[in-house]
Amino acid sequence: MIMQVRLPDGSIKIYDGPVTPGQIAREISEGLWRNAAGALVNGQLWDLERPIDFDCELKIVKLEEPEAAEIYRHTMSHIMAQAVMRIYGADKVKLGIGPTIENGFYYDFDIQDAKITEEDLTKIEEEMKKIIKEDLKIERFELPKAEAIELMKQRGQVYKVELIEEIPDEKVSFYKQGEFIDLCRGPHLPSTGKVKHFKLLSVSGAYWRGNEKNPMLQRIYGTAFAKKEDLENYLKMLEEAKKRDHRKLGPQLDLFFINTDVAAGMPIFLPYGMTVLLELMNLSRKLHKKYGYKEVGTPLIMHEKLWRQSGHWDHYKNNMYFTEKEEVTYAVKPMNCPGHILIYKNKPVSYKDLPIRLFEFGRVHRYERGGVLHGLLRVRTFTQDDAHIFCREDQVVAEVTNVVKFIDELYSIFGFTYRATLSTMPEDHMGDEATWEKATQALRNALEETKVPYVVAEGEGAFYGPKIDFHVKDVIGREWQCATIQVDFQMPERFDITYKDADGTEKRPVMIHRALYGSLERFFGILIEHYAGAFPTWLAPVQVVILPVSEKYVDYAKELLEKFDKNGIRVELDDRNETLGYRIRENQMRKVPYMIIVGEKEKEAGKISVRTRDGRDIHDVEVEEFITKITREINSKSMSLSY
Ligand SMILES: [Zn+2]
Ligand SMILES: [Zn+2]
C-alpha cells in the first residue's frame, strides 16, 4: 500500500503503510512535534497519534494556533471529569456531556449525594494539576455499538448509554487516559501533560439535554489556554465584565429592573432607562430619515391566518404567544414583516415606486425557556429597529450596500468596530435552492463591495432566506451580535405581492429584512457594559447635577438649574442635607458626567466650578462657556468629556 501525504508547503511524503501525524511532525522537526496539539487531515481535526491509512492533505496544528483550542480545551474537560470521579468516587459520578464552548469548556455531572459548590472548584483544580503532572497517555479506541453499550453499562454510565443508542454509526469511539474512559469523538492531545494553563470558573445546574423533565445535573465551567499570558488576560477580562454586568448596573443606576414573578424576560424601564432608550430611538429616527426610510406602525396582535400565510405557524409556532377572543385565535407578533407586507399591499405599486423602505420600532414577543433568559440580553419581549425594503431584483445589491453603510455610520457613533457573518441555507427552509443561491450571492456582493470583513456560516440562515449578522466588539474585546440583513424571495411569494413593471407585466419584488441595533433592549444592555454605566454625555440620563456647597447657595443653584434646563440639558439639583463630599461621591457612583459645585466664590463671581465624573476639578468657569461646550459635546455625540 502506497500512501501520499501532501503538506501545506506543497511537498508530498510517501509512506508504504499507516502513519500518524505525530510521526510526520517528528520527521519535520523535533520542535514541531513537541509543539503539536493535533493535525488537520483533509480539513478535519485529527489526533496526533491516530494512524492515517489514506492519501490526504495534512497540516500539523501547533498549540498556539486557533484550531488547537478545540483540542486542548476538550482534553481539559476530560481531565476535569477524571478529577471529579477521583474525588467523588467513580461509582458515584455519572457523566453527561463535556463539550468545548467559546473560550472554554464544561462538563455535566450527576453526582450521588454531593453538591459541588464554588469552594470545591479549588479542590478539583488541585486534582486536575495532579493528572496533568502524571502526563497520562490519551488513547483512542473503537468498539462495535453493542460492546460500547455494554462497557458503559458496566461503568454505570447511563447517560452515555442513552447517547450511544442514538449514534447511527456501527462503531463508536472512546478515549482513555489512565483509569478514565469516555465516549468521545475526539480529537485529543496525545497526553494529559501537554497543556497546563487552565482555570475552573463556575458551577451551575443544567438539565440533562436541556429538558426540564430530565434530571438536573451539575455543570462546571472552565477555561484553558496554550499560553499563561492568554489565560491571565482572559481572566482579567472576565473580572472586568463582572464589574460591568448590566444586570447589576441597571438597577443600581435606576435604569431598569425585571420582575421575574410576573414578567420574566420582560424588562421594566425606569425614567432614567427610558431616557437612554429615547435617545437611541431619536438617533435611529434621524438616520432612518437620512437613508430614505418611512416610519410606520402595525398592530401587536393579529389574526392567526396571517401567521399561517407567513410561514411562522409552521416554522416558529413554539416561540410564539397566542391569545383568544370570541373563538378566534390571534398571535402576538414575533416579527414585524407581515404587518409591513399589509402596508405594501394596501396600494398598487409601480416599478417607479421601488425601493419602498418601511421602518418601525416594532415591539415583538418571542418565547424563550426560563433557563436562557439573561437580563436585557436574552428577553421575551423587545423592540426592534426593524425595516423591510421592497425592491426590484436589480436593486438588491445597492440596497444591501446602503444598509451596510447605515450600520457603519450608526456603530461608529458608539466606538464599535464590527465584523460580519454570512449565513447560508439551513435544513429547515422554504423555497428552492436556486433562489437561495441568488439571494446569498447578492449578500456576498454587498459585503465585498463595502469591504466588511466576514466569514461564512454554512446552514445558519433563517428559514426564509440567507442573512448577514454583524458582530460588534466592545471596549473589553467581547463580541455581540446586533444587526442583521436578510434577503427574502419567499415571503413576497407567500403573500403574492407584486409591482407593475415598465412593460406593464406584474412582477415579484424582493424583500429585505433588516434591524440595526437589532433589539433596542439588548443594545442598551450591551451599551451599559461597554461604557460600564458611564454613558457619553449625549446618552447620560442625567448630564449635569448641581451641588450647592450649603443651603446658602441653593438659590444660585436653582437659577443655574433653570438656565441649563432651558438650554435642553438634562440637569438635576442635589441639595440634600448631606456633606458635599458625600454628595460628590454619590453622584460619581451614578456616573453623572458633570457636577457643578457652587459656593460663595462662584456665587459672587457669577461663575461655576466643574467636577468631572473622572474626578477632575475646573474652577472659574463662565456659565455661558460651559453651556456652549456641553451643548456642542451633546450634539456631536462625542465619546469624551469636553472638560
Ligand atoms: Zn470527549
Ligand atoms: Zn422581517
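Along the sequence shown, the residues carry numbers beginning at 1. Each ligand, and each atom within it, is numbered from 1 in the order the structure gives.
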Using the six-membered ring wherever Trp is involved, compare the ring planes of Phe174 and Phe141 and label them parallel, tilted or perpendicular (cut-offs 30° and 60°).
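Parallel.
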For the residue pair Tyr159 and Asp108, confirm or rule out a side-chain donor-acceptor distance under 3.5 Å.
no
Taking atom types as modelled, is there a side-chain donor on Thr192 or Gln177 under 3.5 Å from an acceptor on the other?
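No, Gln177 and Thr192 have no side-chain donor paired with an acceptor closer than 3.5 Å.
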Could you name all protein N, O or S atoms found under 2.8 Å from the Zn ion (ligand 1)?
His74 NE2, His78 NE2, Cys184 SG
Lys345, NZ atom: more than 12 neighbouring heavy atoms under 6.0 Å
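Count over threshold, so yes.
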Can you tell if the side chain of Thr100 reaches within under 4.5 Å of the side chain of Tyr106, non-hydrogen atoms only?
no
Is the Zn ion (ligand 2) less than 2.8 Å from at least one N/O/S atom of His388?
yes
Can you tell me which N/O/S atom of His513 has the shortest distance to the Zn ion (ligand 2)?
ND1
How long is the gap from CD1 on Ile124 to NZ on Lys129, to the nearest 0.5 Å?
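Reported to 0.5 Å precision, the distance equals 12.5 Å.
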Do any N or O atoms from the side chain of Asp182 and from the backbone of Cys184 form a donor-acceptor pair under 3.5 angstrom?
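It does not hold such a pair.
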